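Notes for the one structure printed next.
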Amino acid sequence: MSKKRKLLYGVLGFCLVCMMAVGCLVTPIIIRGYDMYKAAVTEISIDEKVAEIQSDEDYLPLEQISDEYLTSLVKSEDKRFYKHSGIDYLATARAMINNVKARAFKEGGSTITQQLAKNMFFSFDKKLERKVAEVFVVRELEDKLTKDEILELYCNVIYFGENCYGIKEAANHYYGVEPNELTTSQIEALVYTIKSPNNYNPSANQVYATYNSKTTTFFLQNSTN
């Protein structure tokens with residue numbers, strides 16, 4: 001056997017061993033994720049969960065939410081929302097690369113449909129099993145609902161901090177207005193809030209801004225003395 005053929009077989013053998021090793025590690029996670037998904041939808045089906053969300057007195061249909069808010073939301077959370085089928089593999093790959101570079105979990109690459117699945121059924125921990133369970137729910141959501149129906153549900157379950165769920169509660173709580181009355185700056189603030197509701201909500205940002213303003217004023221006054 002030639003050296004090139006031996007080298008080729010060696011590389012193929014190494015790749016096969018690696019694939020088997022990865023399979024041994026990944027398969028249990030997939031199984032646990034599927035079990036998590038089955039347990040969730042057995043307790044309450046996706047159809048029943050959707051009906052439960054829509055029955056809330058603060059639930060808003062899409063036409064009662066400003067187009068400016070919806071555009072800003074999709075641009076911030078999932079630019080390819082209307083193009084992918086629930087999982088954005090490009091965003092996921094980009095997030096993985098950035099996480100490896102940062103050596104930390106900085107980005108999730110989750111789509112709006114994935115975030116809806118998480119809000120509907122699962123906790124917010126970062127276990128791989130939960131991400132797998134999300135994928136199974138995502139497949140059902142994308143099969144059962146239109147993109148606009150998914151976006152509408154998402155707008156009504158998003159957490160905005162200070163015990164506010166959904167755009168109506170958030171607009172009422174932080175600004176005393178209805179969602180279709182939000183100004184551009186208010187829309188930007190609420191969309192930004194989604195990234196970290198407890199840290200970035202309008203009240204928290206106001207406290208920080210006030211503190212920062214006072215600190216700057218104190219520094220300037222002492223600098224001139």
Side-chain angles (χ1 to χ4, degrees), residues 22-65 70 73-74 76-93 95-96 99 105 107-161 163-170 179 191 193-198:
V22 170
C24 290
L25 293 172
V26 170
T27 300
I29 294 173
I30 294 175
I31 292 172
R32 291 197 296 271
Y34 180 76
D35 289 343
M36 185 183 294
Y37 151 74
K38 289 301 292 185
V41 298
T42 297
E43 183 175 342
I44 179 169
S45 71
I46 288 179
D47 290 336
E48 291 171 326
K49 190 64 177 179
V50 168
E52 179 184 286
I53 295 170
Q54 292 174 332
S55 68
D56 189 279
E57 62 181 3
D58 287 328
Y59 187 88
L60 284 183
L62 214 58
E63 58 266 22
Q64 292 184 30
I65 304 173
L70 296 174
L73 176 67
V74 171
S76 173
E77 295 298 298
D78 187 358
K79 293 178 182 178
R80 289 163 43 82
F81 173 65
Y82 285 100
K83 297 179 180 179
H84 60 65
S85 59
I87 307 293
D88 189 340
Y89 296 102
L90 290 176
T92 300
M96 289 176 63
N99 288 337
F105 192 91
E107 299 178 27
S110 292
T111 65
I112 282 176
T113 314
Q114 285 176 278
Q115 293 180 59
L116 174 61
K118 177 174 62 180
N119 277 274
M120 288 175 68
F121 288 103
F122 306 113
S123 65
F124 282 66
D125 59 50
K126 295 178 179 178
K127 292 181 179 179
L128 292 174
E129 292 87 342
R130 191 264 292 165
K131 296 295 291 184
V132 172
E134 268 181 27
V135 172
F136 288 108
V137 174
V138 164
R139 294 268 36 91
E140 281 204 54
L141 288 171
E142 291 279 343
D143 287 343
K144 292 174 178 289
L145 305 171
T146 66
K147 286 291 189 179
D148 281 350
E149 288 171 336
I150 290 171
L151 182 60
E152 180 178 294
L153 285 165
Y154 180 62
C155 288
N156 282 277
V157 301
I158 310 171
Y159 183 56
F160 287 94
N163 205 34
C164 292
Y165 291 88
I167 184 60
K168 180 174 174 61
E169 282 190 10
V191 169
T193 292
I194 298 169
K195 298 185 181 301
S196 182
N198 293 325

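Note that the coordinates shown come from a computational prediction; the quantities given were computed from them, not determined experimentally.
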Identify each donor-acceptor pair in which a side-chain atom of residues 36-43 lies under 3.5 Å from a protein atom, sequence neighbours left out, and give them as a table.
| from | atom 1 | to | atom 2 | distance (Å) |
| --- | --- | --- | --- | --- |
| Y37 | OH | E140 | OE2 | 2.4 |
| T42 | OG1 | K38 | O | 2.5 |

Quiz prompt | Pair F136 + Y34: ring centers closer than 6.0 Å | solution = yes
Quiz item: Would you say L73 and I158 make side-chain contact, with heavy atoms under 4.5 Å?
Solution: yes
Quiz prompt | Rounded distance [0.5 Å steps], CD in Q54 versus CG in N156 | solution = 8.5 Å
Quiz item: Within the side chain of T111, is there an N or O that forms a donor-acceptor pair under 3.5 Å with the backbone of G86?
Solution: yes
Quiz prompt | Derivation and outcome, side-chain contact (heavy atoms from CB on, under 4.5 Å), residues Y59 and L153 | solution = CA-CA 9 Å; Y59 187 88; L153 285 165; 3.7 Å; yes
Exercise. Work out which heavy atom in L60 is nearest to a heavy atom in I167; give both atom names and the distance.
Key: CD1-CG2, 4.4 Å
Quiz prompt | Check: V132 and R32 side chains under 4.5 Å, non-hydrogen atoms | solution = no
Practice problem: Walk me through it: do C155 and L70 pass the test side-chain contact (heavy atoms from CB on, under 4.5 Å)? | Solution: CA-CA 9 Å; C155 288; L70 296 174; 3.7 Å; yes
Self-check item: Partner residues of V74 under the side chain to side chain contact (heavy atoms under 4.5 Å, CB included) criterion, sequence neighbours left out
Solution: F81, I112, L151
Quiz item: Mind checking what makes salt bridge (charged side-chain N to carboxylate O under 4.0 Å, His left out) contact with E52, not counting sequence neighbours?
Solution: K49
Self-check item: Salt-bridge criterion met for E142 and K147 (N-O under 4.0 Å)
Solution: yes
Self-check item: Minimal non-hydrogen separation, P197 against G161, with atom names
Solution: CB-N, 3.5 Å
Quiz item: Roughly how far apart are D47 CG and K144 NZ, rounded to 0.5 Å?
Solution: 4.0 Å
Quiz item: Counting distance only, does the side-chain N/O of E152 pair as donor-acceptor with the main-chain N or O of L62 below 3.5 Å?
Solution: yes
Exercise. Apply side chain to side chain donor-acceptor pair (under 3.5 Å) to T193 and list each qualifying residue two or more places apart in sequence or on a separate chain.
Key: none
Quiz item: So do the side chains of Y82 and D148 get within less than 4.5 Å of each other, counting heavy atoms only?
Solution: yes
Quiz item: Given the rule in the side-chain contact (heavy atoms from CB on, under 4.5 Å) test, do K131 and I29 qualify, once you have shown the distances and angles that lead to the verdict?
Solution: CA-CA 10 Å; K131 296 295 291 184; I29 294 173; over 6 Å; no
Quiz item: Got a sec, which residues hit side chain to side chain contact (heavy atoms under 4.5 Å, CB included) with D58, two or more places apart in sequence or on another chain?
Solution: D56, K168, E169
Practice problem: Please examine the side chains of L116 and I150, heavy atoms only from C-beta on, and report whether any two atoms are closer than 4.5 Å. | Solution: yes
Quiz item: Who pairs with Q115 by side chain to side chain donor-acceptor pair (under 3.5 Å), at least two apart in sequence or on another chain?
Solution: E77, Y154
Quiz item: Is there a side-chain contact between D88 and K83, using heavy atoms and a 4.5 Å cut-off?
Solution: no
Quiz item: Hey, what do you get for CZ (R139) to CD1 (I87), rounding to the nearest 0.5 Å?
Solution: 7.0 Å
Quiz item: Can you find a pair of side-chain heavy atoms, one from Y159 and one from I194, that are under 4.5 Å apart?
Solution: no
Quiz item: Atom CD of E48 and atom CD1 of I53: how far apart are they, to the nearest 0.5 Å?
Solution: 12.5 Å
